[in-house]
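Keep in mind that what you see is a predicted model, and the values were worked out from it rather than measured.
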Amino acid sequence: MNDMYDFRAPAMSWAQVDAAADSVRESFRLVDVPYFPVVDVVEKLLANRFEEISFEICTHAEMDGAEGLTCPKGKFIRIREDVYDEACTGGVRARFTFAHELGHLLLHTDAEKPLARALSTERLKPFRSAEKQANRFASTLLMPIQHISPFDDPEDLMQRFGVSRPAAGYRLDDLQKKGWA
């Protein structure tokens, strides 16, 4: 994500972000399911559990080109219609967009400190970047560590979790940097 569109968020450790993603799987009893049904969770289950949050499918013009948008006050998640259609058919980038917006909803709404737009020249530290936090959330939600083996390669993750090659590679690199594998 281009930092030009980033927001300064309350600091969160990656362990906190990972715990938030894991709690979603736990609350929907999907811990043992490798392929996370992100569209169903956002569209059906989340809407049923939290009636005050609306899920909206919008045109390209209405979205001003953005793929997804989450209200900082937690009132809605908006997804561009072509992204929605792609996600419904298992499109890997669109699935990540759904998970990313869910991350914004759960991590960045009703925070004690509101989000602040970062200057285009400001280089936010990852733990203060709303976009990097939402990306981390999406990565953990879609590719939980308990379903990853040290012997997996990006192709394995792509097939198992319905994610893109860059997302799978990034997740494996991140786990290896932590000495996991």
Side-chain angles (χ1 to χ4, degrees), residues 1-28 30 36-43 45-47 50 53-58 63-80 83-84 86-87 91-120 122-145 157 161-175 178:
M1 177 56 76
N2 187 332
D3 286 345
M4 183 170 83
Y5 300 106
D6 208 349
F7 289 86
R8 198 175 311 109
M12 292 185 86
S13 70
W14 289 149
Q16 290 172 303
V17 175
D18 292 347
D22 291 342
S23 73
V24 171
R25 280 182 165 270
E26 290 167 10
S27 70
F28 291 108
L30 294 169
F36 188 78
V38 69
V39 175
D40 289 340
V41 167
V42 171
E43 183 179 44
L45 301 176
L46 190 63
F50 303 104
I53 301 169
S54 68
F55 173 67
E56 303 168 11
I57 302 165
C58 302
M63 294 293 291
D64 196 25
E67 293 181 8
L69 177 67
T70 299
C71 174
K73 295 185 183 211
K75 304 243 184 249
F76 61 79
I77 290 180
R78 291 182 180 150
I79 299 291
R80 199 173 67 207
V83 175
Y84 174 78
E86 185 182 335
V92 295
R93 180 170 167 78
R95 283 176 38 76
F96 197 91
T97 297
F98 262 78
H100 176 96
E101 294 306 323
L102 182 59
H104 279 309
L105 180 72
L106 298 176
L107 300 175
H108 304 131
T109 57
D110 297 326
E112 291 179 18
K113 294 181 181 178
L115 298 179
R117 184 176 292 279
L119 300 173
S120 61
E122 186 178 2
R123 302 248 340 138
L124 293 176
K125 296 198 182 283
F127 64 89
R128 292 294 314 266
S129 163
E131 290 304 309
K132 288 182 174 65
Q133 289 174 1
N135 282 342
R136 175 62 180 238
F137 178 93
S139 179
T140 302
L141 182 68
L142 296 177
M143 298 174 278
I145 194 169
L157 271 62
F161 301 120
V163 297
S164 68
R165 178 177 297 283
Y170 179 84
R171 180 70 166 146
L172 288 173
D173 288 347
D174 183 61
L175 291 172
K178 292 188 165 100

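The CE atom of M12 sits 16.0 Å away from the NZ atom of K132 when rounded to the nearest 0.5 Å. Rounded to the nearest 0.5 angstrom, I145 CD1 and K178 NZ are separated by 8.5 Å. The structure places CE of M143 at 6.5 Å from CG of L157, a figure rounded to the nearest 0.5 Å. Going from atom CZ of F28 over to atom CG of D40 covers 10.5 Å, rounded to the nearest 0.5 Å. Between the CZ atom in F55 and the CZ atom in F76 there is a gap of 12.5 Å [rounded to 0.5 Å]. Distance check: Y84 OH to I57 CD1 gives 4.5 Å after rounding to the nearest 0.5 Å.
Of the N and O atoms on the side chains of S54 and E56, at least one donor lies less than 3.5 Å from an acceptor on the other residue.
Not one N or O on the side chain of R78 forms a donor-acceptor pair closer than 3.5 Å with the backbone of G68. T140 places no side-chain N or O within donor-acceptor distance of the main-chain N or O of F137, the cut-off being under 3.5 Å. The main-chain N or O of F7 is never found under 3.5 Å from a side-chain atom of E131 such that the two would form a donor-acceptor pair. Side-chain N or O atoms of T109 include one that pairs as donor or acceptor with a backbone N or O of L105 at under 3.5 Å. E101 places no side-chain N or O within 3.5 Å of a backbone atom of F98 that could act as its donor or acceptor partner.
The minimum heavy-atom distance linking S13 with Q16 is given by the pair N-OE1, 2.7 Å. Across all their heavy atoms, S23 and A20 have their closest contact at OG-O, 2.7 Å. When all heavy atoms of Q133 and A9 are compared, the closest pair comes out as OE1-CB, 3.7 Å. Among all heavy-atom pairs drawn from L141 and A99, the shortest one is CD2-CB, 4.1 Å. Residues V163 and A168 approach most closely at CG2-CB, 4.1 Å, considering heavy atoms. Scanning both residues, S139 and R171, for their nearest heavy atoms gives OG-CD, 3.2 Å.
Counting heavy atoms from C-beta on, the side chains of P37 and L30 come closer than 4.5 Å. Inter-residue side-chain proximity for R80 and C58 is flagged as unmet; no heavy-atom pair is nearer than 4.5 Å. Side-chain contact between V24 and F36 is present, with heavy atoms from C-beta onward closer than 4.5 Å.
Using a 4.0 Å cut-off between charged side-chain N and carboxylate O, E86 and R95 make no salt bridge.
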Could you walk me through whether V17 and L107 pass side chain to side chain contact (heavy atoms under 4.5 Å, CB included), step by step? CA-CA 8 Å; V17 175; L107 300 175; 4.1 Å; yes
**OP:** Dump the intermediate steps for side chain to side chain contact (heavy atoms under 4.5 Å, CB included) on T70 and H108, then the final yes or no.
**Re:** CA-CA 9 Å; T70 299; H108 304 131; over 6 Å; no
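Residues satisfying the salt bridge (Lys or Arg N to Asp or Glu O under 4.0 Å) test with R136, not counting sequence neighbours, are D18, D174.
A cation-pi arrangement, defined by a distance under 6.0 Å to the six-membered ring centre and an angle within 45 degrees of its axis, is absent between R93 and F96.
Ring orientation note: the planes of H100 and H104 are nearly perpendicular, at an angle over 60° on the 30°/60° scale.
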